[in-house]
Amino acid sequence: MQTFLHGRDLIGDLDFSKEEVETVLDVALDLKRKRALNEPHAYLRDKTLAMLFFFSSTRTRGSFEAGMAQLGGHAAFIESRTTQISHGDTAKEIGEILGRYYDGLAIRHVEWTKGNPYLNEVAKYSRVPVLNMQCDIYHPFQCLADLLTIWEKKGRDLRRKKMVVSWAYAASYQKPMSVPQSLILQMPRFGLDVVLAHPPEFKLMPEIMDQAREQARKFGTGFEVVDDMDEGFKDADIVYAKSWGAMVHTPDEKQGAEIIQKYSSWITDQRRMRLAKSDAIYMHPLPADRNIEVTDEVIDGPNSVVYDEAENRLHVQKAVMALTMG
Ligand code: CP
């Protein structure tokens, strides 16, 4: 167990080593147990977290805010548009100044090519940990919650288990590609054979793909890319299917939206779930475009673990905050 996480940032999924991620998940399970037993666990008494949002949220906001209160501290919800950022406060100033007020800075900034550089710039000038509540490249806390959920449902020995990370159709907007990118980086370290399925125009970032292949090589797991959703689902133990945008293919939003329309058949339905193993779990970070991205029958069905997955956001975030901000 590697426990020296005090003062550390969590921006990219590989910022913490495999052993450090195991520590996070062990602490998360302990905190989950303590909450179930109503045992006090105020490890961050009198500590404060700034939660700076450049984009909307349900789960991330709720779970960080509740988590800080349960740890005995306080989280301040700050929407960027209510600040002076649009009038000139730079990332350096946010890091320098908010870093002197708070004990941790959590930021969500998903704008393509802007979000991740912003977080890194804040981190450069902040004297307290910067936590990534989702950027354009990574969604590390979602991925930690996903891994904890997989441990709970499938056990810790994940060797020879197949996880399909699939693109799915959604009509609402071009969603960030941070969730699939975090999954393909983190899951190979924990033994899963990952199959990434997407139409040709929905490639992930080449540098992330290279790092994912490297992780798979290092940990001796499979990593394959297919352009057929059915093929991806075949014999899968874990189905993780969600939409993301065509930003790598084209930065033009209108063109990206037109491309999405070609693939409305990429929906997770019962026929596709039957291609996976009978005990396969269905995962989605939410929000989902119901009956567009996934049918009600699947997301509300017996294989779906989406609510346990959403709950685990709370426990893993509390673990990281307690370890880094304590
Ligand atoms: N999964 C997730 O990050 O949810 P929110 O966008 O609601 O925070």
Side-chain angles (χ1 to χ4, degrees), residues 10-13 24 28 49-70 75-81 104-112 114-116 118-119 130-150 152-153 163 165-168 170-187 204 238-245 247 268 281-290 292-294 298-300 304-321:
L10 180 55
I11 296 177
D13 297 85
V24 167
L49 174 77
M51 303 185 302
L52 176 58
F53 282 91
F54 289 78
F55 191 75
S56 55
S57 164
T58 304
R59 281 144 290 272
T60 304
R61 177 191 174 175
S63 51
F64 268 102
E65 198 165 317
M68 269 308 281
Q70 290 162 23
F77 173 63
I78 307 168
E79 276 189 292
S80 65
R81 63 184 173 82
L105 305 181
I107 304 173
R108 168 170 283 196
H109 193 331
V110 300
E111 192 178 341
W112 181 240
K114 303 249 168 29
N116 186 263
Y118 184 87
L119 265 83
V130 170
L131 306 178
N132 182 356
M133 296 195 294
Q134 190 179 17
C135 68
D136 51 329
I137 301 181
Y138 309 108
H139 199 350
F141 288 97
Q142 181 63 53
C143 192
L144 291 172
D146 296 337
L147 182 55
L148 182 60
T149 310
I150 292 169
E152 289 176 334
K153 307 296 177 191
M163 177 175 193
V165 176
S166 178
W167 186 86
S172 47
Y173 68 103
Q174 291 211 64
K175 302 185 184 195
M177 58 182 65
S178 48
V179 169
Q181 295 201 146
S182 285
L183 291 170
I184 66 168
L185 290 173
Q186 191 71 271
M187 296 308 171
L204 300 180
I238 299 153
V239 169
Y240 202 120
K242 79 169 299 295
S243 185
W244 64 83
M247 290 81 85
T268 305
I281 53 171
Y282 168 79
M283 304 184 75
H284 192 293
L286 304 179
D289 287 24
R290 278 175 172 257
I292 295 172
E293 212 176 347
V294 53
V298 170
I299 200 168
D300 295 327
S304 174
V305 298
V306 296
Y307 298 121
D308 290 337
E309 190 183 353
E311 178 190 333
N312 281 336
R313 291 292 303 275
L314 175 72
H315 309 301
V316 298
Q317 287 158 201
K318 284 168 71 178
V320 172
M321 290 190 290

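Counting starts at 1 for both ligands and their atoms, in listed order. Only this structure's heavy atoms are used, side chains among them; waters, hydrogens and symmetry mates stay out. These numbers were taken from a predicted model, which means no experiment stands behind them.
For the side-chain contact (heavy atoms from CB on, under 4.5 Å) with Leu183, the lone residue among Ser178, Cys143, Pro285 that qualifies is Cys143.
Under the side-chain hydrogen bond (donor to acceptor under 3.5 Å, both in side chains) criterion, Asp136 pairs with no residue at all, not counting sequence neighbours.
Classification of the His109-Tyr118 ring pair by plane angle, with boundaries at 30° and 60°, yields tilted. Note on ring orientation: taking the six-membered ring where Trp is involved, the planes of Phe64 and Phe141 are perpendicular (angle over 60°, cut-offs 30° and 60°).
No side-chain heavy atom of Met187 sits less than 4.5 Å from a side-chain heavy atom of Ile238.
Residue-level contacts of ligand 1 at the 4.0 Å heavy-atom threshold are Ser57, Thr58, Arg59, Thr60, Arg108, His139, Gln142, Pro285, Leu286, Arg313.
A donor-acceptor distance shorter than 3.5 angstrom exists from the side chain of Glu309 to the backbone of His284, with no hydrogens or angles considered.
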